[in-house]
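Below is one structure, written out as structure tokens; comments come after it.
Numbering of residues begins at 1 and proceeds along the displayed sequence. When reading the values below, keep in mind they use all heavy atoms of this one structure, side chains included, and skip hydrogens, waters and symmetry mates.
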Amino acid sequence: MSLVGKSKKALAKTLLHAMKVNFVMEMFFRWGEKQVLKILVEKNVRKRPVGAQEDKYFIVRNLMKSFEEKFKAGTLAPSVRDWIINTLIGDVILNYRDRYPEAAKRRQAEEPIPTFITISPTQKCNLSCIGCYAASTNKTVATLEWDVLDKIMEQKRDLWGSHFTVISGGEPFMYESQGKTIIDLYEKYNDNFFLMYTNGTLIDKAMARKLADLGNVTPAISVEGFEEDTDARRGKGVYNQILSAIENLNDAGVLYGISFTATRKNADRILHSDFIDEFFGPYGATFAWMFQYMPIGRGPDFHLMLTPEQRRQLWFRERELMREKGIFFVDFWNGGPISDGCISAGRKGGYLYIDWFGNVQPCVFIPYSVGNIKTDYFDKDKTLDDILQTPFFTKLRDWQKNYSYQKSAQEAGNEIVPCPIRDHHNEFNKIAREANAIPVGKSAERAIKDEQYIEELTEVGRKAHEATADIWKQEYQKI
């Protein structure tokens, strides 16, 4: 290692040690906030819509503030605190270029390499939620083999320098293969930060302590609102099990958040002040991810989709939560400006999805594949890089670029409706057919040929665009 390299490493070590002192940590965060504002809003090198850059600033600031508050209050487990300071900030962020020089060069060259992968290692689940996108129940058994899962993790780190992994399902805690569990994955890849979507019912005190000891896992617990709505979709008694899991996580000092699905039926209640104040107050949630119901998976139902007016009103409420309440809150569709639009298909800064069968898909909500990770890639000596060059992924990235991603602020398309399959379905359908995308499941196979489905979803997207067009122009493309 060069003298410069040694000096840099020593400086980082000194900084990280000092950050464990409260007033130093506070100074660091104040400096960090200013730097984020300067980079995202004031400099805005890519000349993105100003309102979108402001949203990015607020979402980063809110996450930093949440961590700072828990740090000062002493509610974080020491192992969680130390992992974030030493591994995430020290090894991954400060020393990224030294540790992964090739990946750093590729990112600087604007190559389309993802920041993360979402993996659903098993379809097994102990619940049978209405409208589950994964169609999971306690009778589904499909599971990704450990050696395949292990190879995915190894390649994403070595080829892309990726240290963020999203684990979905099914229920991840039910994963078991070749004598390994999901905990073994978290232990082996301790240089990765894992966001894990879970129903929370299997987080007892022992599991919460295990997650605290690991330090690199944050659960996103699925709720639908308070007890009535949650139990109606997930089963009687589930809400109380979730509260028990939250208590266990808080006692152990684990950062956690919530995730929920907005439907036409619960949209008026799910972001009500009572619900938000409860979970981000006494229950101590750090973040919230919101999905809008998408008619795929088990029993697709257009009548559960948000109306255009509901989607519009949710945007105003989400803006309030993010900017005035200081909450890290992201809606995967309305929050499109935060990510410069759609992030599927391995776009730079984006991701791809691999399910329990090994199907490689552009996105969790795009049930069309470019083949099986094991039989079509690994067994043929192909890598994750080969996935990125498939026609389906390439065409989707071209659509992203042409719609908004590489457009100037005044030319960019409305990123409040960023999703090709949901908000621009007619165009998506053409792309999927031209690229010979492989339907995953009977529902997807029917949908790609069903003219009524295509027309209905296209119309839903058109109306959503009309309902939010003035917001995009006034709030995002402002000068």
Test item: side-chain donor near acceptor, Asp150 and Tyr189, under 3.5 Å: yes
Is a side-chain donor-acceptor pair under 3.5 Å present for Gln389 with Thr394? no
Whether Arg422 engages the ring of Phe291 as a cation-pi pair (distance to the six-membered ring centre under 6.0 angstrom, angle to the ring normal within 45°) should be assessed. no
Ion pair check, Glu68 and Lys65, cut-off under 4.0 Å: no
Can you confirm whether more than 12 heavy atoms, excluding those of Lys70, are under 6.0 Å from its NZ atom? yes
Under a 3.5 Å threshold, yes or no: a donor from one side chain and an acceptor from the other, between Glu171 and Asn199? yes
Whether Arg319 and Asp55 form a salt bridge (side-chain N of Lys/Arg under 4.0 Å from carboxylate O of Asp/Glu) is what I want to check. yes
How far apart are the C-alpha atoms of Asn334 and Gln292, what are their side-chain angles, what is the distance that settles it, and do they pass the side chain to side chain donor-acceptor pair (under 3.5 Å) test? CA-CA 9 Å; Asn334 281 6; Gln292 296 181 23; 3.3 Å; yes
State, with a plain yes or no, whether a side-chain heavy atom of Phe392 is found less than 4.5 Å away from one of Asn436. no
Approximate separation, where rounding is to 0.5 Å, of His424 NE2 and Cys419 SG: 8.0 Å
What class does the angle between the rings of Phe328 and Trp289 fall in, given that below 30° is parallel, 30 to 60° is tilted and above 60° is perpendicular? perpendicular
Electrostatic pair Asp340:Arg46 at N-O distance under 4.0 angstrom: yes
What's the separation between atom CD1 in Ile373 and atom CG in Leu144, rounded to the nearest 0.5 Å? 8.5 Å
Under 6.0 Å from the CD atom of Glu228, do we count more than 12 heavy atoms belonging to anything else shown? no
I need the Leu185 CG to Trp146 CH2 distance, nearest 0.5 Å. 5.0 Å
Salt bridge (charged side-chain N to carboxylate O under 4.0 Å, His left out) between Lys151 and Glu154, intermediate numbers included: CA-CA 5 Å; Lys151 192 168 185 176; Glu154 186 178 68; over 6 Å; no
Pairing donors with acceptors under 3.5 angstrom, does anything connect the side chains of Gln108 and Lys105? no
Judged by atom type as modelled, is there a donor-acceptor pair below 3.5 Å linking the side chain of Ser369 to the main-chain atoms of Val440? no
Please determine if Glu320 and Arg317 form a salt bridge, counting it only when a charged side-chain N lies under 4.0 Å from a carboxylate O. yes
Crowded around Lys348 NZ? As in, over 12 foreign heavy atoms under 6.0 Å? yes
Rounded to the nearest 0.5 Å, the CD atom of Gln361 sits from the OG atom of Ser344 at a distance of 11.0 Å
Indicate yes or no for a side-chain donor-acceptor contact from Arg48 to the backbone of Ala412 under 3.5 Å, with no hydrogens or angles considered. no
Separation between CG of Leu314 and CD1 of Ile270, rounded to the nearest 0.5 Å: 8.5 Å
Under 6.0 Å from the ring centre and within 45 degrees of the ring axis: does the NZ or CZ of Arg323 meet both conditions for the six-membered ring of Tyr57? no
If you compare all heavy atoms of Lys395 against all heavy atoms of Ala435, which two are closest, and at what distance to 0.1 Å? CD-CB, 4.0 Å
Check whether the side chains of Asn216 and Thr87 place a donor and an acceptor atom closer than 3.5 Å, and report yes or no. no
Which of these passes ring-ring contact (aromatic ring centres under 6.0 Å, His included) with His163: Phe116, Tyr100, Phe194, Phe193? Tyr100
For Glu176, does the CD atom sit with more than 12 other heavy atoms under 6.0 Å from it, leaving out its own atoms? no
Counting only heavy atoms from other residues, nucleotides and ligands, does the tally under 6.0 Å from CD of Gln452 exceed 12? no
Testing the 3.5 Å rule here: is there a donor-acceptor pair between the side chains of Ser120 and Tyr353? yes
side-chain contact (heavy atoms from CB on, under 4.5 Å) between Tyr197 and Thr118, worked out: CA-CA 10 Å; Tyr197 289 100; Thr118 295; over 6 Å; no
For the pair Asp470 and Arg312, find out whether any cationic side-chain nitrogen is under 4.0 Å from an anionic carboxylate oxygen. yes
Take Phe329 and Asn62, measure what side-chain contact (heavy atoms from CB on, under 4.5 Å) needs, and give me the verdict at the end. CA-CA 9 Å; Phe329 183 99; Asn62 294 350; over 6 Å; no
In this structure, CG of Leu195 is separated from CG of Leu255 (nearest 0.5 Å) by 11.5 Å
Could you walk me through whether Phe279 and Phe260 pass the ring-ring contact (aromatic ring centres under 6.0 Å, His included) test, one step at a time? CA-CA 12 Å; Phe279 275 89; Phe260 42 89; 8.6 Å; no
